[in-house]
Amino acid sequence: MTTTQQNASAGATEDLLGMAQWAVEQAGTSAQYVQAYAERTVEVRVECLDGEVLATCVEPREGLACMVLQDGRWRHRAFSVAELPSLPRWLGAEGTPAAGEALAWPEPHATGFTPVSPQDWLVQGAAPAHSLRTMEDFTTRAIAVVDTAGVRASGHSRFVRRRVEATVESGGNRYRGLNRWLERGPLAGGAERDAVPQDVARVAVEHAHDSARAELGGRHRTPVVFAPSAAVALLHELVGHALEGDNFAMQSDYIAELRRPGALPASLTMYDDATLPDGYGSYDIDDEGIAGTTTVLVSQGELGDPLSSVRTARRHDYRPTGNGRRRDYRALPLPRASNTVVPRGTEDPAVLLAPSSDGLLHVGCLGAGMINLRSGEFHFAALNCAYITPDGHRVPVRDVSLVGDALETLARVEGTGSDFGGDSVTCGKQGQMLGIGLFSPSMRYSALDWSAA
């Protein structure tokens with residue numbers, strides 16, 4: 001990003017602050033609490049197939065949202081730029097703003113996004129033949145929040161997430177391999193990059209070849225080792241979602257058991273950290289204007305604070321943690337994770353991979369799935385997996401599914417590695433997909449149930 005573009009971004013956030021301030025002032029003194037959130041976001045997606053551009057999509061999102069607590073009742077409404085003149089009437093203010101008053105929405109500025117050249121993704125000399133599909137998702141986002149509790153804050157973020165899907169054919173079947181790459185910061189999406197596109201694609205091709213060579217199927221129960229970032233992905237699902245403030249308040253059997261002292265192993269520590277410089281979910285301020293910070297979720301097996309938004313903190317008397325996040329101005333802020341982190345352990349990762357008499361499953365990446373927060377039952381897909389035989393041979397496996405009971409699974413943690421790695425994933429809640437960062441060492445579980453196709 002050039003100095004001119006940086007100055008334009010700073011000016012845009014100041015203008016958005018003025019818009020949010022104006023919206024709060026329209027409410028007068030009749031409400032117990034008013035929050036205004038102004039946003040200008042531009043998302044660009046470039047999709048390529050085998051070195052040719054398939055599609056380029058540009059989606060600007062700009063508008064303002066008001067959330068009001070009045071007479072014990074919360075109300076929320078989103079306003080596009082064209083709808084802003086109706087905001088005072090919705091808030092119950094008398095009259096309408098003078099022509100042009102406080103409604104001069106900031107002018108757009110150049111994004112400075114330079115997509116990867118389609119030819120730069122192609123893996124030279126790779127055999128057998130493969131097909132390569134790539135997607136670049138670039139986002140530049142400016143927000144401002146003002147409320148009647150004294151918050152007046154603005155922030156700007158810029159990142160690009162690149163995903164690669166390689167496909168190979170073998171025996172009349174098609175097999176996929178995936179890889180992804182995140183850049184964030186003021187230079188993200190520019191001509192200078194922190195990785196070589198062809199190297200990122202080559203890993204996806206290798207994963208596709210492994211999938212094509214997989215032969216082991218059936219159901220198994222063995223020790224399982226999750227690679228760095230895959231380990232915390234499982235914990236994010238089993239524990240992290242339960243510690244989101246609205247979920248934590250649920251009167252479910254699983255969460256009641258999770259609250260019980262001794263439910264989690266004493267070796268487990270995890271936290272939410274919005275301040276990481278390279279985290280997909282990082283931010284200076286959350287979408288309610290509260291500074292991003294670090295929140296301990298679990299410390300040596302003991303539960304910490306639940307993640308809160310303004311509404312959940314007020315309703316359940318939680319400590320504000322700065323985790324109110326939303327897809328955009330059209331959605332309500334919900335308590336969500338930013339980046340989930342498990343600190344390094346002390347054990348040699350190679351020792352963790354020692355197979356039992358039943359072998360061992362090594363999981364490279366956690367895929368789609370869900371946990372039932374009422375019962376604790378879960379099922380997840382696992383990608384980039386290998387079965388290590390009792391005599392130490394590594395055999396690729398594909399279409400792996402993990403199933404089990406969360407509390408029983410958590411009790412089987414038996415080792416945490418000294419390695420460390422990170423990943424960028426999207427996570428859904430109430431229809432809102434958001435970016436989450438995952439950072440952890442390898443972790444070993446004594447036994448999990450899994451199946452392979």
Side-chain angles (χ1 to χ4, degrees), residues 10 12-41 61-81 83-94 97 101-106 141-157 244-246 274 283-293 295 305-336 338 430 432 434:
T13 57
E14 284 300 315
D15 289 341
L16 291 175
L17 271 172
M19 296 300 302
Q21 183 68 51
W22 166 80
V24 168
E25 291 171 354
Q26 306 310 303
T29 60
S30 60
Q32 289 86 53
Y33 174 80
V34 180
Q35 178 192 97
Y37 168 89
E39 174 187 8
R40 157 163 273 158
T41 292
R61 294 198 301 274
E62 51 187 9
L64 188 145
C66 274
M67 187 170 70
V68 179
L69 176 61
Q70 189 170 22
D71 299 327
R73 175 172 169 256
W74 288 97
R75 294 191 299 152
H76 175 271
R77 182 173 167 185
F79 298 84
S80 67
V81 175
E83 295 171 325
L84 283 175
S86 67
L87 183 146
R89 290 192 296 274
W90 181 79
L91 287 170
E94 294 183 2
E101 179 185 346
L103 294 178
W105 193 259
R141 185 173 187 248
I143 66 169
V145 185
V146 176
D147 73 10
T148 51
V151 168
R152 192 177 193 276
S154 63
H156 181 264
S157 59
E244 293 167 348
D246 47 358
Y283 44 79
D284 293 328
I285 60 169
D286 73 351
D287 293 332
E288 299 186 289
I290 300 174
T293 186
T295 301
D305 290 316
L307 303 178
S308 65
S309 63
V310 166
R311 285 189 306 146
T312 55
R314 284 173 172 260
R315 181 176 181 180
H316 302 293
D317 198 27
Y318 293 152
R319 181 179 72 85
T321 64
N323 287 91
R325 301 186 65 193
R326 61 178 109 202
R327 173 74 177 96
D328 57 40
Y329 76 94
R330 297 168 293 188
L332 270 170
L334 302 173
R336 304 290 299 272
S338 59
Q430 297 182 27
Q432 297 191 51
L434 293 177

Donor-acceptor contact present, side-chain Thr321 to main-chain Thr295, <3.5 Å | no
Test item: Gln35 side-chain N/O and Thr148 main-chain N/O as donor-acceptor pair under 3.5 Å = no
Which pairs of donor and acceptor atoms, one on a side chain in residues 313-320, lie under 3.5 Å apart (sequence neighbours left out)?
residue : atom : partner : partner atom : Å
Tyr318  : OH   : Gly245  : O            : 3.3
Arg319  : NE   : Asp305  : OD2          : 2.8
Arg319  : NH2  : Asp305  : OD2          : 3.2

Identify the heavy atoms of [X] and [Y] that sit nearest to each other, and give their distance.
X	Y	value
Cys66	Leu87	SG-CD1, 3.7 Å
Ala27	Val34	CB-CG2, 3.6 Å
Leu91	Ala23	CD1-O, 3.5 Å
Pro335	Ser309	CD-OG, 3.7 Å

State the CG-OG distance between Asn323 and Ser338, to the nearest 0.5 angstrom.
-> 5.5 Å
CG on Leu307 to CZ on Arg336, rounded to 0.5 Å = 10.5 Å
pair [X]-[Y]: side-chain heavy atoms closer than 4.5 Å:
X	Y	result
Glu288	Val310	yes
Asp287	Val145	no
Arg326	Tyr37	yes
Arg325	Tyr283	yes
Asp147	Val24	no
Arg61	Arg327	yes
Arg152	Leu17	yes
Val146	Val151	no

Which of Arg141, Glu62, Met19 passes side-chain contact (heavy atoms from CB on, under 4.5 Å) with Glu39? Answer is Arg141
side-chain contact (heavy atoms from CB on, under 4.5 Å) partner of Ile143, chosen from Ile285, Asp286, Asp328 | Ile285
Name the atoms and distances for all side-chain donor-acceptor pairs under 3.5 Å in residues 72-79, with sequence neighbours left out.
none

Got a sec, which residues hit side-chain hydrogen bond (donor to acceptor under 3.5 Å, both in side chains) with Ser80, two or more places apart in sequence or on another chain?
-> Glu83
